Amino acid sequence: MEYQFTQAQVQINLKYRSTEIKSQILDCSTGCCIYCQEHSCEHAPSRLVVELPLRNEDEGRTDTKLTNRLLIGMKKGLLVEYAAEGLYAKRRCDTPIYYHSSQYHINHDPMKIEKDQWVKIFDYPAFQDQFISWYTRKLIKSDIEPFKRHKIFFSFGQRWQPYLEKHKEMGEDRPQPTTLDSCLVSMSLVPLNAKEIVMATEAGRNCSETISMGLNQNFLFFI
């Protein structure tokens, strides 16, 4: 099966609170930098750059001032790069960045990306193992929950509290969930090849008892 997207391609959606600012498909094979005002790619000109604009409406409002303060701290930016069958991120900016991966953090809080350290945010071989395991269970039990492990969420300068599985079982002291849209600046990132595999397999399951799924150009057959 031929897929439209490579493992290096992602879709990003950037928001200021619930307002979408940018939605863009990027090829991270040479890296990309998400930044405000100044980026850190002078010595790597092949990197793509995505600039975050300052807010200019209602400049006297407190949330506008706070948003722009976070954005100004985004000088040098957040790097995202594809390497060794995975996606990695590095924070070069002063503004703290927190991320939550549906692959790694289902029952955990968002993690802070330490400055100038590469962090793996998505692993394709692990995704393939997880997806095959999930799909095998689905063949036996058709009412299991949809597969969710192909999205990464980021907040800039603020923590948020996503709803975690078995949230109520974690005790009364557990912070109440908050949405990513409550953050002044946020981003979601979707590895498009992973999303395409899930959607194509689900579509095939609905119309045929035999499904072929291509992973890393090798074909696995579910009968």
Side-chain angles (χ1 to χ4, degrees), residues 3-41 46-58 63-64 66-82 86-93 95-105 110 113 119-122 124 127 146-160 162-163 178-200 202-203:
Y3 288 109
Q4 179 181 355
F5 298 106
T6 69
Q7 290 186 357
Q9 290 179 287
V10 303
Q11 179 172 353
I12 60 167
N13 290 82
L14 286 151
K15 291 184 176 182
Y16 297 167
R17 288 205 187 274
S18 59
T19 302
E20 185 173 272
I21 302 301
K22 287 181 184 285
S23 179
Q24 195 168 339
I25 291 175
L26 303 171
D27 188 323
C28 298
S29 55
T30 58
C32 65
C33 181
I34 299 149
Y35 73 101
C36 181
Q37 295 185 327
E38 298 176 14
H39 60 75
S40 56
C41 300
S46 61
R47 284 190 183 130
L48 299 173
V49 292
V50 178
E51 185 172 7
L52 293 171
L54 293 173
R55 289 184 60 177
N56 55 21
E57 77 283 4
D58 298 323
D63 63 337
T64 298
L66 292 174
T67 300
N68 285 342
R69 187 181 303 171
L70 293 178
L71 291 170
I72 290 170
M74 283 293 294
K75 291 178 181 178
K76 296 189 177 179
L78 172 70
L79 303 180
V80 179
E81 188 168 318
Y82 175 80
L87 291 164
Y88 294 80
K90 178 194 281 189
R91 175 169 71 92
R92 299 295 311 279
C93 58
T95 294
I97 298 176
Y98 304 90
Y99 81 106
H100 190 268
S101 167
S102 55
Q103 183 178 54
Y104 296 129
H105 304 139
I113 299 178
V119 174
K120 180 181 281 190
I121 60 173
F122 190 80
Y124 264 98
F127 156 77
F147 190 79
K148 299 177 182 178
R149 293 179 174 85
H150 56 275
K151 203 165 191 178
I152 304 100
F153 304 94
F154 299 83
S155 63
F156 299 81
Q158 295 173 281
R159 292 183 183 272
W160 87 105
Y163 182 84
T178 54
T179 65
L180 192 61
D181 284 350
S182 67
C183 296
L184 293 169
V185 183
S186 65
M187 181 177 78
S188 63
L189 183 151
V190 177
L192 288 172
N193 182 259
K195 177 182 178 181
E196 195 172 29
I197 287 171
V198 174
M199 293 182 67
E202 280 296 281

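Values below: all heavy atoms of this structure, side chains included; hydrogens, waters and symmetry mates excluded. This is a predicted model, so every value here is computed, not measured.
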Euclidean distance, [Y] [atom2] relative to [X] [atom1], rounded to 0.5 Å:
{"X": "L184", "Y": "L71", "atom1": "CG", "atom2": "CG", "answer": "9.0 Å"}
{"X": "F127", "Y": "N193", "atom1": "CZ", "atom2": "CG", "answer": "7.5 Å"}
{"X": "C33", "Y": "L79", "atom1": "SG", "atom2": "CG", "answer": "5.0 Å"}
{"X": "E20", "Y": "S186", "atom1": "CD", "atom2": "OG", "answer": "10.0 Å"}
{"X": "S29", "Y": "E81", "atom1": "OG", "atom2": "CD", "answer": "9.0 Å"}
{"X": "M187", "Y": "F156", "atom1": "CE", "atom2": "CZ", "answer": "4.5 Å"}

Under 3.5 Å: donor-acceptor pair, side chain of [X], backbone of [Y]:
{"X": "T67", "Y": "D63", "result": "yes"}
{"X": "R17", "Y": "T19", "result": "no"}
{"X": "T95", "Y": "L70", "result": "yes"}

(message) Consider side chain to side chain contact (heavy atoms under 4.5 Å, CB included). Of I113, L180, I12, V185, which one does F154 pass it with?
(response)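 Of the listed options, the one satisfying the test is I113.
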(request) With sequence neighbours excluded, tell me which residues meet side-chain hydrogen bond (donor to acceptor under 3.5 Å, both in side chains) with Q11. (result)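 Residues passing side-chain hydrogen bond (donor to acceptor under 3.5 Å, both in side chains) with Q11: S23.
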(message) Show, in sequence, the C-alpha distance, side-chain angles and deciding distance for C32 and R47, and conclude whether the side chain to side chain contact (heavy atoms under 4.5 Å, CB included) test is met.
(response) CA-CA 5 Å; C32 65; R47 284 190 183 130; 5.8 Å; no
(request) Kindly check if the number of other-residue, nucleotide or ligand heavy atoms within 6.0 Å of NZ (K120) is above 12? (result)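 Result for NZ/K120: enclosed.
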(request) Return the set of residues passing salt bridge (charged side-chain N to carboxylate O under 4.0 Å, His left out) with K76 (not counting sequence neighbours), or none when no residue passes. (result)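 For K76, no residue satisfies salt bridge (charged side-chain N to carboxylate O under 4.0 Å, His left out) once neighbours in sequence are set aside.
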